[in-house]
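For reference, the structure discussed in these notes is given below.
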Amino acid sequence: EVPTWSGTSERGELTSEAGEVSEDTSTPFGTKTLGAYKWDSKIIKISSELLEDSALDMASEIGREIGERLGRAETYYVTRGTGSDEPAGMRGAIAESSVSAISYDNLVDLYTAIDPAHLSSPNCAWTIHKAQIAAIRKLKDSNNQPLWQPAMSAGDPDRLFGYPVLFNPYMDSTAVGDTGNERPIIFGDFGRVFLREVRELRLHRLNERYIENDQVGFIAFMRFDSEVADPGENALKALRIEADGGS
């Protein structure tokens, strides 16, 4: 179980020595339960000749590929999961702001919509589909300075308003689409997105199953679940792009 609450509008009160204190009856405290859905990598088959003759360690290369496959599955469901017989993703569980285009003003509004308590979190960041990066990199502030701040060293993320930018292929790639549900950007405290991974990824080598073709199979399994603990707009918010500007 993970805790849920939304008390960013509350503050402590001034009190006197031995004075009577009031009770908080407005902050909704609760819990959500993380389960454990199961995924597999699909079976990868390779010939014994390739295993024996390759200059590369093919078993290690396949293990890396399998890990990436399951990592992509995890990212997809943490982003887009419906919560119905699958993990609850953040894309459909958080508040959104509907606008007509990605602009400097709209990004400022998205940034300022997050409660300051969450802006100070080390987990505060942007997640954006890479297809929208070009448009955002061209934006400038009122002093004609680019909003986009390139990373200072290799391996570090670029930044927007001082916060890391994380590329997410499972955000929407188009700014405006037919459904009116395109959300290419989320900003906020991703520490309020809880992910449960059950033990470690389990990789299996199937030496006998495909022996009649002199092949070896590889498959992996993992179990995980996700929940958004604060679905209000205090911690996380999406930018939703609509042709008519939304509401």
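Counting heavy atoms from C-beta outward, S226 and Y77 have side chains that stay 4.5 Å or more apart. Annotation: side chain of F187 is in contact with side chain of I114 (closest heavy-atom distance under 4.5 Å). Residues I136 and L147 fail the side-chain proximity criterion, which asks for heavy atoms closer than 4.5 Å. At a threshold of 4.5 Å between non-hydrogen side-chain atoms, the residues V193 and V78 count as touching. Taking the side chain as every heavy atom from C-beta outward, L34 and F224 never approach each other to under 4.5 Å. Residues T127 and V165 form no side-chain contact, since every pair of their non-hydrogen atoms from C-beta on lies 4.5 Å or further apart. A heavy-atom distance below 4.5 Å is not found between the side chains of F218 and L206. Put simply, the side chain of I43 reaches to within 4.5 Å of the side chain of Y210, judged on heavy atoms.
Not one N or O on the side chain of D158 forms a donor-acceptor pair closer than 3.5 Å with the backbone of P150. Under a 3.5 Å cut-off, the side chain of Y163 and the backbone N or O of L119 do form a donor-acceptor pair. Side-chain N or O atoms of N234 include none that pairs as donor or acceptor with a backbone N or O of D115 at under 3.5 Å.
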Side chain to side chain contact (heavy atoms under 4.5 Å, CB included) between W126 and L107, intermediate numbers included: CA-CA 11 Å; W126 303 81; L107 291 180; 4.0 Å; yes
Test log, rule side chain to side chain contact (heavy atoms under 4.5 Å, CB included), inputs L70 and L201: CA-CA 9 Å; L70 289 173; L201 181 148; 3.3 Å; yes
Pair R80-D172, salt bridge (charged side-chain N to carboxylate O under 4.0 Å, His left out): steps then yes or no: CA-CA 10 Å; R80 305 182 71 95; D172 295 299; 3.4 Å; yes
Side chain to side chain contact (heavy atoms under 4.5 Å, CB included) between V108 and F161, worked out: CA-CA 9 Å; V108 169; F161 294 114; 3.7 Å; yes
L160/Q149 under side chain to side chain contact (heavy atoms under 4.5 Å, CB included): CA gap, chis, key distance, verdict: CA-CA 6 Å; L160 189 62; Q149 302 161 346; over 6 Å; no
Candidate pair R72 and E65, rule salt bridge (charged side-chain N to carboxylate O under 4.0 Å, His left out), full reasoning: CA-CA 11 Å; R72 285 189 286 270; E65 168 62 26; 3.6 Å; yes
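Both cation-pi conditions hold for K38 and F221: the charged atom is under 6.0 angstrom from the six-membered ring centre and inside a 45 degree cone around its axis.
By the criterion of side-chain heavy atoms lying less than 4.5 angstrom apart, applied directly or through intervening Ile, Leu, Val, Met, Phe, Trp or Tyr residues, L51 is grouped together with L203 in one hydrophobic cluster.
Between K237 and E96, none of the side-chain N atoms (NZ, or NE/NH1/NH2) sits under 4.0 Å from a carboxylate O, so this pair counts as no salt bridge.
No side-chain N or O of D109 forms a donor-acceptor pair with one of S97 less than 3.5 Å apart.
For N213, the CG atom counts as densely surrounded, since its 6.0 Å shell holds more than 12 non-hydrogen atoms of other residues, nucleotides or ligands. At most 12 heavy atoms of other shown residues, nucleotides or ligands fall within 6.0 angstrom of atom CZ in R223. Residue K138 qualifies as open at atom NZ: its count of foreign heavy atoms under 6.0 Å is 12 or below.
Shown here for N143 and D141, the closest heavy-atom pair between the two residues is N-OD1, 2.8 Å.
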